[in-house]
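In what follows, a single structure is set out as structure tokens and then discussed.
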Amino acid sequence: MSRSKNDLPDPLIFAAAGAGIAVLATGAALWQRRRHRESRGQEETIATDAPHWTLDKDSSRAMFGKSVLINRPRAELYAAWTPERFPDFMENVVAVDDLGDDVSQWTIKAPAGREVTLVNRITERVEDTSIYWQSTPASDIANSGEVRFTDAPAGRGTYVSLILAYDPPAGKVGRFAAKLLQREPEVQARRDLHRFKQLMETGEVTTNASPSARGAESPAEPHI
Amino acid sequence: MRAVTWQGRHKISVETVPDPEIVNPRDAIIRVTSTAICGSDLHLYDGYIPGMRAGDIVGHEFMGEVIETGAASTLKRGQRVVIPFTISCGQCFFCEKKQYSACDNSNPSETRDASELMMGHAMGGAFGYAHLTGGYAGGQAEYVRIPYSDVGPVVIPDDLPDDDVLFLSDILPTGWQAAVNADIEPGDTVAVWGCGPVGLFTIQSALLLGAGRVIAIDHFPTRLALARKYGAEILDYTQVDVREALDEMTGGVGPDACIDCVGMESHGFTADNILDQVKVKMLSSTERIHALRQAILACRKGGRLSIPGVYGGFADKFPLGQLMEKGLSVKSGQTHVQRYSGELLDMIREGKFDTISLISHHAPLEDAADMYRHWHDDQDLYTKIVLKPGLKKGDISARQELQHA
Ligand SMILES: NC(=O)c1ccc[n+]([C@@H]2O[C@H](COP(=O)([O-])OP(=O)(O)OC[C@H]3O[C@@H](n4cnc5c(N)ncnc54)[C@H](O)[C@@H]3O)[C@@H](O)[C@H]2O)c1
Ligand SMILES: [Zn+2]
Ligand SMILES: [Zn+2]
């Protein structure tokens with residue numbers, strides 16, 4: 001299943017991580033397989049208008065996408081999607097450091113107090129519309145992604161879609177990263193996207209921080 | 001501080017817990033002066049609501065005094081405020097449509113997944129009502145953190161006592177929305193199932209909105225007496241066949257609008273309800289919908305069904321064919337409290353509602369465990385309980401008994 005990233009269909013480089021994770025190799029392979037299947041299937045079935053990331057869910061754990069409606073103008077959201085603001089709403093992102101030349105290094109919390117480093121390059125920007133990125137070889141986890149901003153109808157604001165793909169790693173990053181990547185990036189990215197919505201609409205990230213009679217909990221920290 | 005906590009089915013205890021803190025700029029902290037027990041709390045007490053955790057602070061009907069504000073709160077220290085039970089941001093698509101209980105920001109990222117899985121979409125946040133609605137600590141406590149305090153809280157003028165306005169937090173707007181949702185036309189006959197606090201405010205609201213006649217159904221004499229006092233004709237379902245009576249009172253047509261103010265724990269020993277009870281016990285169904293079934297069958301063709309009563313999941317033997325064939329329209333939902341606060345406060349000032357006579361007991365917060373037991377076991381006499389954090393344990397005052405006319 002290993003492919004070089006030159007095989008990626010351009011400009012359809014999928015997603016990125018809300019937490020900065022997306023597939024490269026595996027994702028590309030799955031994507032191309034799906035595209036073949038779709039073209040082959042055109043006589044028997046009718047092509048749907050569903051977003052590509054919703055198709056063939058069962059077979060493609062390594063790729064995922066999520067859209068949310070955010071009640072703010074498209075340009076404002078595009079402008080706010082900057083690495084400096086990521087730690088405000090991306091829960092597991094400890095830091096995003098600018099390495100220059102559109103490359104940034106992401107420090108991400110992993111289980112057991114460990115950290116994972118992603119090194120991603122922005123490959124394309126379409127003003128007020130979308131941002132694409134993919135990892136460089138220095139990244140602990142091969143990933144790629146896209147965040148897309150589309151006008152919602154009837155003045156409702158903007159649909160923000162986060163599409164990401166990642167290569168479930170082995171070896172180097174070891175067991176803990178594998179665990180991190182089970183389905184965790186999907187959950188994390190979905191939650192991060194919602195926190196982005198909260199921040200942009202309400203000016204703050206929603207929290208249920210409040211007291212309880214459970215000794216271990218703090219009234220200043222969120223709880224499940 | 002002291003707070004009323006849920007510890008499991010039929011287990012309520014008052015515990016010492018940490019004080020709440022300001023966490024976000026829009027937050028405020030209030031010191032609670034009055035907090036009521038609701039029929040919805042009964043669903044928690046009976047273990048019908050999924051997503052409760054031992055140690056949760058309960059209560060969603062409360063008011064108090066602002067004692068601390070975050071940088072972006074518009075409240076001022078010392079103001080008296082009633083807090084809507086629904087937590088709403090005021091800025092999302094839903095809040096802008098005034099569908100406040102559907103707020104898409106108030107249920108935090110951490111808790112919305114389970115809610116989404118169960119309901120299809122994550123519910124809005126609410127105080128003291130399980131983790132499906134955000135897991136926020138409730139108002140049966142000395143102090144509460146109020147998120148988005150620039151949007152929800154209703155500032156109360158000093159000349160209005162707590163008892164006049166406390167129910168702006170939930171049951172008054174809930175009764176009002178129940179009647180609004182019935183799309184009442186002048187002269188309509190409106191039938192109301194359940195004469196608990198929600199039903200009692202629904203009766204008052206339906207008459208204010210132009211109903212010619214309200215027929216209220218329950219089996220507790222004290223509650224039925226209150227319904228009559230508020231202007232309803234009453235039916236005790238232990239004395240009559242409700243559907244026959246409703247038909248005979250409307251020339252065989254049936255009520256124009258039917259409102260279910262009972263919810264998921266219908267009483268009664270009819271065959272369908274006994275079967276529901278067994279199924280709920282065996283976990284193969286989540287609710288007892290006897291009253292709702294009856295309301296659908298009783299409603300006139302082309303009539304309207306309004307459901308403020310709370311349901312939690314998959315009901316059994318829902319009369320879908322009857323609903324469809326009779327062409328009923330249905331409106332439902334948790335109340336969009338913030339939508340009605342202003343007009344209802346004005347109406348209270350104008351004396352349009354009786355918010356007082358349904359209160360049967362004032363009791364100290366410390367006596368909450370006993371009060372929950374009475375609220376569950378003695379529904380006839382305990383028609384609404386208001387807890388006061390200030391009172392000494394045992395300092396309970398009960399309303400004079402009503403005349404059952
Ligand atoms: N939609 C909302 O936002 C909202 C807000 C508050 C309460 N509620 C819900 O409204 C419902 C009523 O609340 P409440 O505080 O009045 O509760 P309650 O328990 O005090 O009242 C329910 C009443 O229904 C009566 N009843 C039971 N079975 C009946 C039957 N078969 N026919 C006729 N009457 C019957 C009971 O005797 C009782 O008097 C609850 O389900 C509650 O959760 C909804
Ligand atoms: Zn209530
Ligand atoms: Zn909202």
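We use all heavy atoms of the structure for the numbers below, so side chains are in, but hydrogens, waters and symmetry mates are not. Letters A, B, ... mirror the listed sequences (proteins, then strands); counts begin at 1.
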Point-to-point distance, once rounded to the nearest 0.5 Å, from OG of A:S218 to CD of B:E21: 6.0 Å

Side chain, backbone, both or neither of A:R156 within contact of chain B (heavy atoms, under 4.5 Å): side chain

Pair B:E15 + A:R214, salt bridge at N-O below 4.0 Å: no

Leading residue by heavy atom contact count with chain A [cutoff under 4.5 Å; candidates B:T111, B:D56, B:T5]: B:D56

Heavy-atom neighbours of B:H121 NE2 exceed 12 at 6.0 Å: no

Closest non-hydrogen atom pair between B:N24 and A:T207, with its separation: ND2-CG2, 3.6 Å

Part of B:A72 within contact of chain A (heavy atom distance under 4.5 Å): neither

Verdict with reasoning, A:M200 to B:Q91, per side-chain contact (heavy atoms from CB on, under 4.5 Å): CA-CA 10 Å; A:M200 296 312 294; B:Q91 288 145 320; over 6 Å; no

B:V17 and A:S212, any side-chain heavy atoms less than 4.5 Å apart: no

Interatomic distance, A:S210 atom OG to B:D27 atom CG [nearest 0.5 angstrom]: 10.0 Å

Beyond-backbone contact of B:V23 with A:E221, side-chain heavy atoms, under 4.5 angstrom: no

For chain A, the option from B:C89, B:P25, B:C95 that forms the most heavy-atom pairs under 4.5 Å: B:P25

Check: A:N208 side chain, B:G134 main-chain N or O, donor-acceptor pair, under 3.5 Å: yes

Heavy-atom pair of closest approach, residues A:H223 and B:H131: CD2-CE1, 3.9 Å

Short side-chain to backbone donor-acceptor contact, A:H194 and B:R112, under 3.5 Å: no

Residues of residues 98-109 of chain B near chain A, each having a heavy atom less than 4.5 Å away: B:D104, B:N105, B:S106, B:N107, B:P108, B:S109

Over all atoms of both residues, closest heavy-atom pair of A:A209 and B:R145: O-NH1, 2.8 Å

Residue-level interface, residues 67-76 of chain A with chain B, non-hydrogen cut-off under 4.5 Å: A:L69, A:N71

Heavy-atom contact with chain A under 4.5 Å, split by part of B:R53: both

Closest-packed option against chain B by number of heavy-atom pairs under 4.5 Å, given A:E204, A:E201, A:E217: A:E204

Contact winner vs chain A - B:P18, B:G125, B:G55, heavy-atom pairs under 4.5 Å: B:G55

A:K66 and B:E116: CA distance, side-chain angles, deciding distance, salt bridge (Lys or Arg N to Asp or Glu O under 4.0 Å) verdict: CA-CA 14 Å; A:K66 180 76 187 169; B:E116 195 169 319; 3.8 Å; yes

